[in-house]
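Data block below; observations after.
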Amino acid sequence: MFGQKTQRSYPILGQMTYRSQYWFGTLAVPEFDAEVEIIVRANKDGISAAQVHAVQACFNQLALIKTQATAAMLTLFAECEMPVPNTDIWMDLLAESIEVTDENHDASTGKVSVLLLFGSQSIPEFCPAIEVIDGEFMQVLSAT
């Protein structure tokens with residue numbers, strides 16, 4: 001029926017609503033003391049098991065991923081010539097959203113990336129992200 005929202009519930013993701021080309025919901029991220037929006041790139045047929053697994057693998061290792069990303073995040077601040085906050089870097093960076101790629105994003109491997117996107121309190125235009133694949137920290141990405 002026109003105007004009716006398609007909704008489904010998924011393990012770890014909870015209730016998700018389909019919008020054009022993606023599924024949308026909210027998710028608690030205790031390691032970053034936040035509740036964030038999550039976007040999963042998928043068609044109206046639903047979120048794939050591989051995408052759910054990618055998010056689960058990320059959340060299973062989130063404390064380790066945060067630790068591994070700390071040095072890379074500090075390096076990114078330096079490379080972008082951004083002043084490093086005087087406090088813990090994670091006190092300045094607030095988790096804002098999570099984006100999960102579709103299975104065709106990396107056609108060579110078919111791997112799904114989970115991107116944890118942050119906003120800086122001290123530098124509003126600085127919005128870095130952490131990329132995670134199969135529950136492993138891959139890299140910190142710059143977005144300004």
Side-chain angles (χ1 to χ4, degrees), residues 1-77 79-80 82 84-85 87-144:
M1 181 177 281
F2 181 73
Q4 184 177 0
K5 293 182 179 178
T6 301
Q7 295 185 326
R8 294 191 185 154
S9 186
Y10 292 91
I12 198 167
L13 302 174
Q15 189 71 25
M16 299 291 288
T17 302
Y18 182 73
R19 296 189 178 166
S20 181
Q21 305 298 315
Y22 66 91
W23 289 82
F24 176 83
T26 57
L27 198 57
V29 188
E31 285 78 6
F32 293 102
D33 194 31
E35 184 165 314
V36 300
E37 295 178 344
I38 181 166
I39 293 173
V40 181
R41 300 288 175 187
N43 63 32
K44 197 169 187 170
D45 292 338
I47 298 169
S48 72
Q51 289 172 307
V52 172
H53 173 75
V55 175
Q56 182 69 59
C58 176
F59 273 58
N60 287 346
Q61 298 297 320
L62 209 46
L64 176 61
I65 290 164
K66 182 178 180 180
T67 300
Q68 292 170 328
T70 299
M73 198 63 78
L74 288 168
T75 299
L76 179 62
F77 266 76
E79 287 173 355
C80 293
M82 302 284 188
V84 177
T87 62
D88 174 10
I89 190 96
W90 300 112
M91 296 299 290
D92 180 65
L93 294 173
L94 300 176
E96 292 186 345
S97 63
I98 297 172
E99 185 164 336
V100 182
T101 65
D102 66 16
E103 293 176 48
N104 298 321
H105 178 73
D106 186 349
S108 64
T109 65
K111 301 281 184 178
V112 174
S113 291
V114 177
L115 302 168
L116 307 168
L117 292 89
F118 296 86
S120 170
Q121 294 185 86
S122 62
I123 309 161
E125 63 277 359
F126 188 58
C127 305
I130 298 172
E131 181 183 23
V132 178
I133 298 176
D134 290 338
E136 293 184 27
F137 167 74
M138 294 282 105
Q139 62 183 328
V140 168
L141 303 168
S142 173
T144 55

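We're numbering straight along the sequence, starting at 1.
- Scanning all heavy atoms of the two residues, the minimum distance from Ala57 to Asp134 falls at CB-C, 3.9 Å.
- Under the 4.5 Å side-chain criterion, counting only non-hydrogen atoms from C-beta, Phe59 is in contact with Ile12.
- Considering CG of Leu74 and CD of Glu79, their distance stands at 11.5 Å, rounded to 0.5 Å.
- For the atom pair OG1 of Thr67 and CH2 of Trp90, the computed distance is 9.5 Å after rounding to the nearest 0.5 Å.
- Atom CD1 of Ile65 sits about 11.0 Å away from atom CD of Glu131, to the nearest 0.5 Å.
- The backbone N or O of Lys5 sits nowhere less than 3.5 Å from a side-chain atom of Arg19 that would complete a donor-acceptor pair.
- At distances below 3.5 Å, not a single donor-acceptor pair connects side-chain atoms of Glu136 with backbone N or O atoms of Ile133.
- The two residues Leu141 and Leu76 make their nearest non-hydrogen contact at O-CD2, 3.9 Å.
- The side-chain contact (heavy atoms from CB on, under 4.5 Å) test with Ile98 is passed by exactly one of Leu117, Ile39, Leu116: Leu116.
- Scanning both residues, Gln15 and Ser9, for their nearest heavy atoms gives OE1-CB, 3.9 Å.
- Nearest heavy atoms, Gly46 versus Arg8: CA-NH1, 3.3 Å.
- A side-chain donor-acceptor contact under 3.5 Å links Tyr10 to the backbone of Ile47.
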What verdict does the side-chain contact (heavy atoms from CB on, under 4.5 Å) test give for Thr70 and Ile89, after you've listed the backbone C-alpha separation in whole Å, the side-chain angles of each residue and the deciding distance to 0.1 Å? CA-CA 7 Å; Thr70 299; Ile89 190 96; 4.1 Å; yes
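- For Trp23 (side chain) and Asn43 (main-chain N/O), a donor-acceptor pair under 3.5 Å exists by modelled atom type.
- With values rounded to the nearest 0.5 angstrom, Phe24 atom CZ is found 8.0 Å from Met16 atom CE.
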Evaluate the criterion side-chain contact (heavy atoms from CB on, under 4.5 Å) for residue pair Thr6 and Lys44; output intermediate values, then yes/no. CA-CA 8 Å; Thr6 301; Lys44 197 169 187 170; 3.1 Å; yes
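- Taking 4.5 Å as the limit, every side-chain heavy atom of Glu35 sits out of range of all side-chain heavy atoms of Val29.
- In this structure, Lys66 satisfies the cation-pi test against Phe32, with its NZ or CZ atom closer than 6.0 Å to the six-membered ring centre and inside 45 degrees of the ring normal.
- Looking only at side-chain heavy atoms (C-beta outward), Pro11 and Gln56 stay at 4.5 Å or farther from each other.
- Taking the six-membered ring for Trp, Phe126 and Phe77 have ring centres closer than 6.0 Å.
- Heavy-atom minimum distance, Glu103 versus Val112: CG-CG2, 3.8 Å.
- Checking side-chain atoms of Asp92 against main-chain N and O of Ser120 turns up no donor-acceptor pair under 3.5 Å.
- Listed for the Gln51 side chain is a donor-acceptor partner under 3.5 Å among the backbone atoms of Arg41.
- Using a 4.5 Å heavy-atom threshold, the side chains of Val55 and Val100 count as touching.
- Residues Met73 and Leu93 are in side-chain contact: their nearest non-hydrogen atoms beyond the backbone lie under 4.5 Å apart.
- The shortest non-hydrogen separation linking Val114 to Cys58 is CG1-SG, 4.0 Å.
- Glu31 contributes no side-chain N or O that, together with a main-chain N or O of Gln61, makes up a donor-acceptor pair within less than 3.5 Å.
- Using a 3.5 Å distance cut-off with no hydrogens or angles, the side chains of Glu37 and Ser97 do not pair a donor with an acceptor.
- With a 4.5 Å cut-off on side-chain heavy atoms, Ile130 and Phe118 count as touching.
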